[in-house]
Amino acid sequence: MTLDFLGNLTRTHTCGELRASDAGKSVVLLGWVNRRRDHGNLIFLDLRDRYGISQVVLDKDLGTEAHGKAEQARSEYVVAAIGKVRLRDANVINPKMDTGEIEVVADQLLLLNDAKLAPFSPAEEAIANEEVRLKYRYIDLRRPEMQHNLHVRHKVAMAVRQYLSSQGFYEIETPFMTRSTPEGARDYLVPSRVHPGEFYALPQSPQLFKQILMISGMDRYFQIARCFRDEDLRADRQPEFTQIDLEMTFPQQETVFRVVEGFLSEAFKAVGIHLPTPFPQITYDEAMRNYGIDKPDLRLPGLVDLKPAFTAENLAALQIDANLPVIGLRIPRVGELSRKDRDDNKPLFDQRKGAKYIDDLKRLEKGFPEAAAKVRELAGGEADDLIIIVAGDAAAHIRASDTKSEGRLSEREIAIYSAAGNFRVELAKKYADRHGAFAVTDNVVASEERNTGLADGSVAFRPIWVTDFPMFEYDEETHKWMPSHHPFTSPHEEDMDRLVSDPASVRARYYDIAMNGLELGSGSIRIHQQQVQAEIFRALGMSDEEAKSRFGFFLDALQYGTPPHGGIALGLDRIVMILAGASSLREVIAFPKTAKAIDLMVDAPTPVSDMQLRELHIKPTKQ
RNA sequence: GGGGACGUAGCUCAGUUGGUUAGAGCGCUGCCCUGUCACGGCAGAGGUCGCGGGUUCGAGCCCCGUCGUCCCCGCCA
């Protein structure tokens, strides 16, 4: 087959834009052959590009060579169709297509390029398995879903840039090749050729750079920044990911919140969804009590305190630890659980830390009718809602190095709350088609494509600020207090005097933003006084020398007139994932990696030549 | 590092208790077809049952190992 040259041809329209009002126009369409329907003397070609699909008709009776070219055309050939837009007869209008009222009658068809038969077709309904999709990513990305996802991503990024710029933020780039600062995640390392045995590290986040930009008087900084962490992957975790990173001088917590609410609502507006502001906020302790998790999904009812439903005798008879919370969780409209359901649900509950549950209210009613009635009353909801009671197992022997601190949740309490909170999420996922709370989100995501004004996102998208996280967590293994966030997070000023005497009670000026049960981002007001920073390091059991060797450059900078400052970073990939209705980050990243951090398309990582290794002064210990 | 699911035609999958020549749909190739739009009709090609070993008269199916993809735990300041 001889291919045609493009010559000086340019497209007059995209494959998605022609409408009935364009009838009669002479047009040039350029695109891929999505499908060919060959009726012999009449051939239909669906031409596809990023903007849509248009039907091109090739009629042998026209006596041109275009029909002959169309006979040779195959899926994914790149062609030019030159002809006239024609209104379709009423009986052949395709209401499923945006361009369904017209077709292009081609009097010339150019085969600009042929295409090997692809392992799967972008036009196919059934999508191929991910291994094939990732290897042939350029085919996969031609699918309308993927084009849509990356379009959403672009719109979100642009809306964020525009909003932050309008609020006085400068977009400033920070280095990729930087210094390894131990702790946190494992670093990706880049060997230095010039300095044998030394390495740069790829940034886990631009944290210290953005703080230094505040010290530098840049006032407001943002960056859509790539971050790298060498940890095992999940559906919502990639080894390289993108953060909307920002930092500002002289903020109150609320200042940061308003900025984030501003750009998030702009980003949602950009994809056709109204997201009401301000977002609700709760403290970490409230989040644990009400949802059993620090990233609450507000689309479902929260936990309720069921202790008042039981007498001390009840609890003893039920082998429930009276000193621990008794919690109710409710999933709407699940109905009666079968014996099999109950068995299947068992592994979804984490009983490792001495929690247990009762999922059979009927049985409770027989033994403890008054308590059961009270449970129903406290849990609320409808008769067909699933109610489950979670409590501490009185028979459990928990190695309790409990860190109870006045006014805060103890570790054992947290264990019960999180067992309930995680069970709530797992059951909600399992019975999603019964309660329907997640379908609302899917429906808004789907309707957004129709682009009919702003869709109401107030039910489908439920952001929430979680504040006042504990400053420290006790590490059972090292018997040391560890920072819950990074060690530059400021404690609450009024908690400062308890740094040593009662570290568990110290609250951090650290906040998370969650949406629909997914952590979107976290940030904090930072420490800006060197003495406070030194106290924190001491509270963490870190010597001055140790602190200096790890963060010396930063501690130096802190002493040269550091303004109060703070900021936040949000996962762009996760925001887009929610907006695309996707269940994996890989659906919203053009070239993602597999669960083993492999790029199947370029086949990375790979061994490198001995020559390269020698230059870098590196000797692998095994091949 | 640990647990689980999956791996059969290019793609999506079925494959009974271990038993003859491993099937279907889509796709592909050829021919036919002027109103299809997941076009239709006829004919055809296409298989290292992921890989290696074992049990057996006989393995897609059972056992052991291994590789890959996905999900989860650990991990992710």
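Only this structure's heavy atoms are used, side chains among them; waters, hydrogens and symmetry mates stay out.
Note on A:R234: a side-chain N or O is less than 4.0 Å away from OP1 or OP2 of B:rC73. Considering only side-chain N and O atoms, A:K96 lies nowhere under 4.0 angstrom from the phosphate OP1 or OP2 of B:rC37. An OP1 or OP2 oxygen of B:rC71 is reached within less than 4.0 angstrom by a side-chain nitrogen or oxygen of A:R586. Using a 4.0 Å cut-off, no side-chain N or O of A:N91 falls inside it from OP1 or OP2 of B:rG35.
With rounding to whole Å, A:R35 atom CZ is found 12 Å from B:rC26 atom P.
You'll find a donor-acceptor pair under 3.5 Å spanning the side chain of A:R86 and the base of B:rG35, going by distance alone. A donor and an acceptor atom never sit less than 3.5 Å apart when one is taken from the side chain of A:D230 and the other from the base of B:rC76. Counting atom types as modelled, A:R229 pairs no side-chain N or O with a base atom of B:rC76 as donor and acceptor under 3.5 Å. Scanning atom types as modelled, no donor and acceptor separated by under 3.5 angstrom connect the side chain of A:E124 and the base of B:rG27. Side-chain N/O atoms of A:E125 and base N/O atoms of B:rU12 include no donor-acceptor pair closer than 3.5 Å. A:R74 contributes no side-chain N or O that forms a donor-acceptor pair with the base of B:rG27 under 3.5 Å. One cannot find a donor-acceptor pair under 3.5 Å joining the base of B:rC11 and the side-chain atoms of A:R133.
When heavy atoms are screened at a 4.0 angstrom cut-off, A:D89 is found touching no nucleic acid atom at all. Backbone-only contact: A:K596 has heavy atoms under 4.0 Å from sugar-phosphate atoms and none from a base.
Look at B:rC49: it lacks any Watson-Crick or wobble partner with both distances under 3.5 angstrom. Pair assignment for B:rA5: B:rU69, on the basis of Watson-Crick or G-U wobble contacts that are both within less than 3.5 Å. Across every strand in view, B:rA14 sits unpaired, with no contact that passes the Watson-Crick or G-U test at under 3.5 angstrom.
Below 30°, between 30° and 60°, or above 60°: for A:F349 and A:F423 the angle between ring planes is above 60°, a perpendicular geometry. Taking the six-membered ring where the residue is Trp, A:F537 and A:F551 present parallel rings, their angle staying beneath 30° rather than reaching 60°.
Closest to the side chain of A:H39, from the set B:rG10, B:rC33, B:rU69, is B:rC33. In this structure, of B:rC37, B:rG74, B:rC28, it is B:rC37 that holds the atom nearest to the side chain of A:D46.
Aromatic ring centres of A:F176 and A:F228 lie closer together than 6.0 Å.
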